[in-house]
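Quick notes on the structure that follows.
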Amino acid sequence: MTLEEKAGQLNMVASFRAVTGPGEIQEVDESIRLGRVGSLLNIWGREEVVRVQRIALEESRLGIPLLLCHDIIHGHRTIFPTPLAEACSFNPALWEQTAHAAAQEARAEGVALTFAPMLDIARDARWGRMVEGPGEDTWLAAQIGAAKTRGFQGKDLNFTTSLAATAKHFGAYGAVTAGREYASADVSERTLLEVYLPPFAAAIAAGVAAIMPAFNDIAGLPMTANAHLLKDILRQRLGFKGVVISDYNAVAELLNHGVAQDLFEAAVLAFNSGVDIDMTSNAFINALPLAVDRGRVSLHEIDSSVRRVLHLKERLGLFDNPYPRDPSPSKIVKKDQDLHRSLARQAAQESIVLLTNKDQLLPLQETLTHLAMIGPFADDAAAMLGSWASAGHEEKTVSFFEGVRTALPNCHLELIAGVDAIKEDISEISHALEACREAQVILLCLGETAEMSGEAASRTDIGAPGAQRALAEAIFNLGKPVIVLLTSGRPLAAPWLFERADAVLATWQLGSEAGHALADILFGAVNPTGRLPISWPRAVGQAPIYYNQRATGRPTEIGVHYSSCYIDMLATPQFPFGHGLSYSLFSLLEFSCLTPLVKRGGCVEVGVRLRNNGSRSGEATLFFFIRDLVASVARPVLELKGVKKVILAQGQEEQVSFSLAVEELAFIGRELDMTLEAGRFEIFVGQSADPAGLLKQSFDLSL
Ligand code: BGC
């Protein structure tokens, strides 16, 4: 290979489809022919894929197939709930299955690599990208990182149903200052190692093929130029052997960050810092050959990067056949589509979180004769898709209205938006009230549009936008039973709503089967199981908010002067991490620890009696937390270490056991390495992180 052909393998350009940033769209065909392009993004579909691969194979000198990439974030054709929504399922098998279904659909259309899973811990709901990720908790994010990697990649990347996965955005993107998109983060090495990086470590352990550094800087070092994190930590400490792909135009943006004076310097800096592939900056292709000549970049390093890229193409089987594999006989395709639709319905059911349910208003009786569906999201299929719907179709998406209509064909349904999702106009509210006149129950559909979360969608006000509150207050004043369905990419801070609504369901952005899944929950065909992967704030001023905090030197009781709280609001969330009601009612009886003293290599064993006191069978979710009471570095008051889901029939009681390996008690010590320290620990079980609902036991670790 010539040096230029090598640089070509490290060059990713955008196809002619929609782009996700301000990069330059190039005349790709000629560049492919010249061997100046190794990968393309935003491309799928048989015709286009065959066309570009044919140029690469038949018209370029070396005939190396292209790596075709696309953001398959929560589905390709079949759209699953957004990642934040799906995190609510606390169900690794489901996370894996939906990733696998998405991979199957995308690979069939020629895509070979996805820029997912997104594993950014997000604790500040102002940041719009919270929707794309796993929520606030490191343990949970690590489970998701591993499950998604397994799901996308399958047993072998060479399978026609596998996609190479990219864990992103390496560093601490979720820690952007004040939740403002692309902003600086300033987090300590300890916090990186303890909070932000373990999900990436889990994805790496599961064999993730690629890593994407974040756009933003950490304490002045943009991640695209952060050799310490990309080399010392990612390669050395975490042992990553795959490909590092820059984010969109991020190499060129090193100029805007103010750490490189021109594109040549930006390319040298990014490459020497550990980036293998330059996404759309057009920097590596032009600069790297020259940089080798000038002795600024080593040829050996270029060869290593190129080898990693070629090895990935080989593992994907692209050298054998880079074309979309022949479509299966239509019967099989149809069967897969049906399976994916039912998986999307299951995923949506498991993503819905029942936040409140006063007087057990839900589930509704199927014998209802008159319902009103009010609000801007009552019949908005596009909003169900979220901000990364890839090749999903609005026309194939079931809106709430459609779902309810199908479930209750004989019920009279009134449908009216009443207000726009965003505008302040209140002129139609009176019509909405009119439409509610005969209704026995009102379904009020509030929230955010798909564009209000996701990339470049930070908000300073995280409540219901526009005139939605005015509509809601007017509806509540009717005095009828009101169930609120919240469509959003983030938790919406609206204490007034939780106070007045009879029931509230967090319905996030549920994907293709949104309406059917909603109806399943509303009318009780399915008992809700979703649990919050974030602490739901009462007000934007509480952000960042998360359960896994350290104690302070002062108390946290409100009303006690010099205590660590706010003088104008509780410091606790509206709903704690893990919150989510069921139509069943579970209670935790005795909690016991069978291992009062544990040693290295051993296990902490606990057991809890769980009872279903409700009137129907259901699935309980139990969260197990620990606290290390005294350590050389202060530890959080609660750390999630495991989750168990248990199905119990009405009135059933069961003993649930949980075992935790002693090694899981290790933490990042004073010298920033994993440390196990002797001493007393507490272990808790509860149905959320709410301290009031936790049962506690203690044990000692002796070394
Ligand atoms: C986003 C990435 C995405 C990339 C390619 C960027 O703007 O930050 O998450 O993978 O675009 O579409």
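Note that ligands are numbered from 1 as they come in the structure, with each ligand's atoms numbered from 1 the same way. In this text, all values refer to a predicted model and were calculated from it rather than measured experimentally. In this chain, numbering begins with 1 at the start of the sequence shown.
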*Quickly, which of Gln9, Glu5, Glu4 forms a side chain to side chain donor-acceptor pair (under 3.5 Å) with Arg36? Name it, please.*
Glu4
*May I ask you to decide if the ring planes of His76 and Trp44 are parallel, tilted or perpendicular, using 30° and 60° as cut-offs?*
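The rings of His76 and Trp44 stand perpendicular, inter-plane angle above 60°.
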Below a 4.0 angstrom heavy-atom separation, can you tell me which part of [X], side chain or backbone, both or neither, approaches ligand 1?
{"X": "His70", "result": "neither"}
{"X": "Thr166", "result": "neither"}
{"X": "Lys168", "result": "side chain"}

Using only atom types and a distance under 3.5 Å, with no angle test, would you say the side chain of [X] pairs donor to acceptor with the backbone of [Y]?
{"X": "Ser89", "Y": "Glu350", "answer": "no"}
{"X": "Arg531", "Y": "Phe90", "answer": "no"}
{"X": "Asp276", "Y": "Val244", "answer": "yes"}

List ligand 1 atoms under 4.0 Å from [X], heavy atoms only on the residue side.
{"X": "Leu41", "value": "5 (C), 12 (O)"}
{"X": "Phe215", "value": "6 (C), 7 (O), 8 (O)"}
{"X": "Phe115", "value": "10 (O)"}
{"X": "Met212", "value": "10 (O)"}

*Heavy-atom gap Glu132 to ligand 1 smaller than 4.0 Å*: no
*If you measure from each heavy atom of His169 to ligand 1, is any distance below 4.0 Å?*
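Yes, His169 has heavy atoms under 4.0 Å from ligand 1.
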*asked:* Pair Val309, Ile277 - check side chain to side chain contact (heavy atoms under 4.5 Å, CB included), show working.
replied: CA-CA 8 Å; Val309 173; Ile277 293 184; 3.9 Å; yes
*Are any of the N or O atoms of Arg129 closer than 3.5 Å to those of ligand 1?*
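By distance alone, the answer is yes.
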*Are any of the N or O atoms of Tyr248 closer than 3.5 Å to those of ligand 1?*
no
*asked:* For Thr98 and Lys148: C-alpha separation, side-chain torsions, deciding distance, then whether side chain to side chain donor-acceptor pair (under 3.5 Å) applies.
replied: CA-CA 8 Å; Thr98 55; Lys148 286 287 173 199; 2.9 Å; yes
*Evaluate the side-chain proximity of Pro134 to Gln143: yes if any heavy-atom separation is below 4.5 Å, no if none is.*
no
*asked:* Heavy atoms only: which of Glu181, Glu455, Met12 lies closest to atom 1 (C) of ligand 1?
replied: Glu455
